[in-house]
Amino acid sequence: MLVSGTPYRTIWLHDKAVRIIDQRRLPWTFDLLDLHTTAEVAEAIRDMAVRGAGLIGATAGYGMWLAAQEATSPDELQSLADSLIRTRPTAVNLSWAVHRQLAAIQAAGFENRVATALATAQAIADEDAAACAAIGRHGLAIIRDIAARKPGQTVNILTHCNAGWLAFVDHGSATAPIYAAHAAGIPVHVWVDETRPRNQGARLTAWELAQQGVPHTVIADNTGGHLMQHGQVDLVITGADRVTRSGDVANKIGTYLKALAARDNGVPFYVALPSSTFDWTLRDGVQGIPIEQRGDDEVTHMEGITTGGTVETLRIVSPGSPAANYAFDVTPARLITGLITERGACPAEEPAICGLHGQETAQHLTPSIS
Ligand code: MRU
């Protein structure tokens, strides 16, 4: 997508390094960062220089290429792989990409590990971009239907967090249908949840929508219910970090509350994801999906820019009060109107999801706790 009119992806190779956009610096500064070792890749994921399910997966894919160069034995490669998987627990794309790399290297032979890991990393990145483009085409049909029911009027879409191109290699999941509708001349406007505590909506989604010229308004996280009650939201589209085979969705904290408000107000609630975000081993998302807890400083402090242009971090919580920082929540499938994947849209129900994905779903299902 465009940055100041120039097309970018979020990750690519530069000489012998993996080059990323440092998302910790956005929207204040557009900085690139080169990663040279598996340890640097792990730190970039842990500290959220890269974030978002698809991009975490693609970064881990390239991290395994660096790991293949560092490892002198299969055991060493496995331990570097484990160090990448440990960085963040909720987005399943991370372990999916690492396991795909390990399987490819095992099939090709350890002596061919570097070339194999490079080809696989590039395939993971290219497939992620292609999947998001396809999600855009399938989601466009949904927006087009809504637009046809209100001719000449703007379609208002609410989104939470950043499931835009910054969270993937290109296009985004939740934003791909929005970009497609905008390109098709459908008048769209996006309500952007600020998404505390790290403000990925206010900082990242707002920035990328502005770069593409898509009309949008940033709102405090608690505003969505009010807007829905007053007919100002036609559709909610969020992304996902892990989706079970029965359609339960883990996404950024606060997504569940938006789904409840959408259900109460008859607003369609869609979740957009590439198939690499499904966890075929799980059915019950509330019990089964690990929820990351991050440092309390993300709740107690906030970063911003002064009118003089200095980036500063301020404490915003009464000194001495403890804070809790749950990064994700789970929205049960029953609250979701549909899933938009690269293979098409479907209800958030196991037969429909598995129908779209065939053989892949035949992996080890963890017995559900009931
Ligand atoms: O903690 P983050 O920023 O990595 O959170 C992930 C997200 O960006 C959101 O949950 C997003 O909606 C889904 S990831 C495409």
Side-chain angles (χ1 to χ4, degrees), residues 1 10-11 20-24 26-27 44-60 87-94 96-97 128-129 131-132 135-136 139 157-178 190 192-209 221 224 236-243 248-259 269-279 285 289-295 298-299 325-331 336 339-342:
M1 301 298 289
T10 52
I11 189 164
I20 58 164
I21 298 168
D22 189 344
Q23 300 194 21
R24 295 167 299 192
L26 287 172
I45 297 173
R46 193 180 300 111
D47 201 42
M48 294 175 68
V50 288
R51 27 72 45 206
L55 180 56
I56 290 173
T59 308
T87 51
R88 294 195 69 190
T90 302
V92 77
N93 303 59
L94 172 57
W96 169 86
D128 183 85
C132 286
I135 287 168
I157 301 162
L158 184 141
T159 194
H160 191 70
C161 195
N162 174 261
W165 74 274
L166 291 170
F168 290 87
V169 174
D170 210 349
H171 309 291
S173 59
T175 53
I178 297 169
V190 185
V192 179
D193 281 351
E194 60 177 349
T195 320
R196 280 281 288 145
R198 281 184 71 102
N199 289 335
Q200 290 98 323
R203 291 180 61 151
L204 303 177
T205 305
W207 179 81
E208 64 162 88
L209 289 171
D221 283 330
V236 179
I237 312 180
T238 74
D241 295 86
R242 189 186 295 228
V243 178
D248 289 350
V249 168
N251 193 50
K252 184 52 59 185
I253 193 80
T255 304
Y256 174 42
L257 291 176
K258 293 296 137 66
F269 185 98
Y270 282 90
V271 176
L273 68 148
S275 297
S276 49
T277 301
F278 281 108
D279 182 343
I289 298 179
I291 300 297
E292 178 179 11
Q293 290 187 54
R294 299 183 59 84
E298 292 179 355
V299 176
N325 187 4
Y326 295 88
F328 301 93
D329 60 23
V330 174
T331 300
I336 297 167
L339 304 176
I340 311 170
T341 77
E342 73 273 23

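Counting convention: from 1, in listed order, for ligands and their atoms alike.
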Show me the short polar-atom pairs for ligand 1: any N or O of it lying under 3.5 Å from a protein N or O, with distances only.
from     : atom 1 : to     : atom 2 : distance (Å)
ligand 1 : 1 (O)  : Arg88  : NH2    : 2.8
ligand 1 : 1 (O)  : Lys252 : NZ     : 2.7
ligand 1 : 3 (O)  : Arg51  : NE     : 2.9
ligand 1 : 3 (O)  : Arg51  : NH2    : 3.3
ligand 1 : 3 (O)  : Gln200 : NE2    : 2.8
ligand 1 : 4 (O)  : Gly52  : N      : 3.0
ligand 1 : 4 (O)  : Arg88  : NH1    : 2.8
ligand 1 : 5 (O)  : Lys252 : NZ     : 3.4
ligand 1 : 8 (O)  : Arg51  : NH2    : 2.5
ligand 1 : 8 (O)  : Asn162 : O      : 3.0
ligand 1 : 10 (O) : Asp241 : OD1    : 2.6
ligand 1 : 10 (O) : Asn251 : OD1    : 2.9
ligand 1 : 10 (O) : Lys252 : N      : 3.1
ligand 1 : 12 (O) : Asn251 : OD1    : 2.7
ligand 1 : 12 (O) : Asn251 : ND2    : 3.4

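- Remark: Lys258 pairs with Asp193 by the salt bridge (charged side-chain N to carboxylate O under 4.0 Å, His left out) rule, at least two apart or across chains.
- Every residue two or more places apart in sequence or in another chain was checked for a ring-ring contact (aromatic ring centres under 6.0 Å, His included) with Phe269, and none qualifies.
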Distance-only check: which donor-acceptor pairs under 3.5 Å involve side-chain atoms of residues 164-175, not counting sequence neighbours?
from   : atom 1 : to     : atom 2 : distance (Å)
Asp170 : OD1    : Met1   : N      : 2.8
Ser173 : OG     : Ala272 : O      : 3.3
Thr175 : OG1    : His171 : O      : 3.0

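- The shortest distance between side-chain heavy atoms of Thr159 and Val190 falls below 4.5 Å.
- At a threshold of 4.0 Å, the pair Asp221-Arg196 does not count as salt-bridged, since none of the basic side-chain nitrogens sits closer than that to a carboxylate oxygen.
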I'd like to know whether Gln293 forms a side-chain hydrogen bond (donor to acceptor under 3.5 Å, both in side chains) with Asn325, so could you lay out the CA-CA distance, the side-chain angles of the two residues, the decisive distance to 0.1 Å, and finally the verdict. CA-CA 6 Å; Gln293 290 187 54; Asn325 187 4; over 6 Å; no
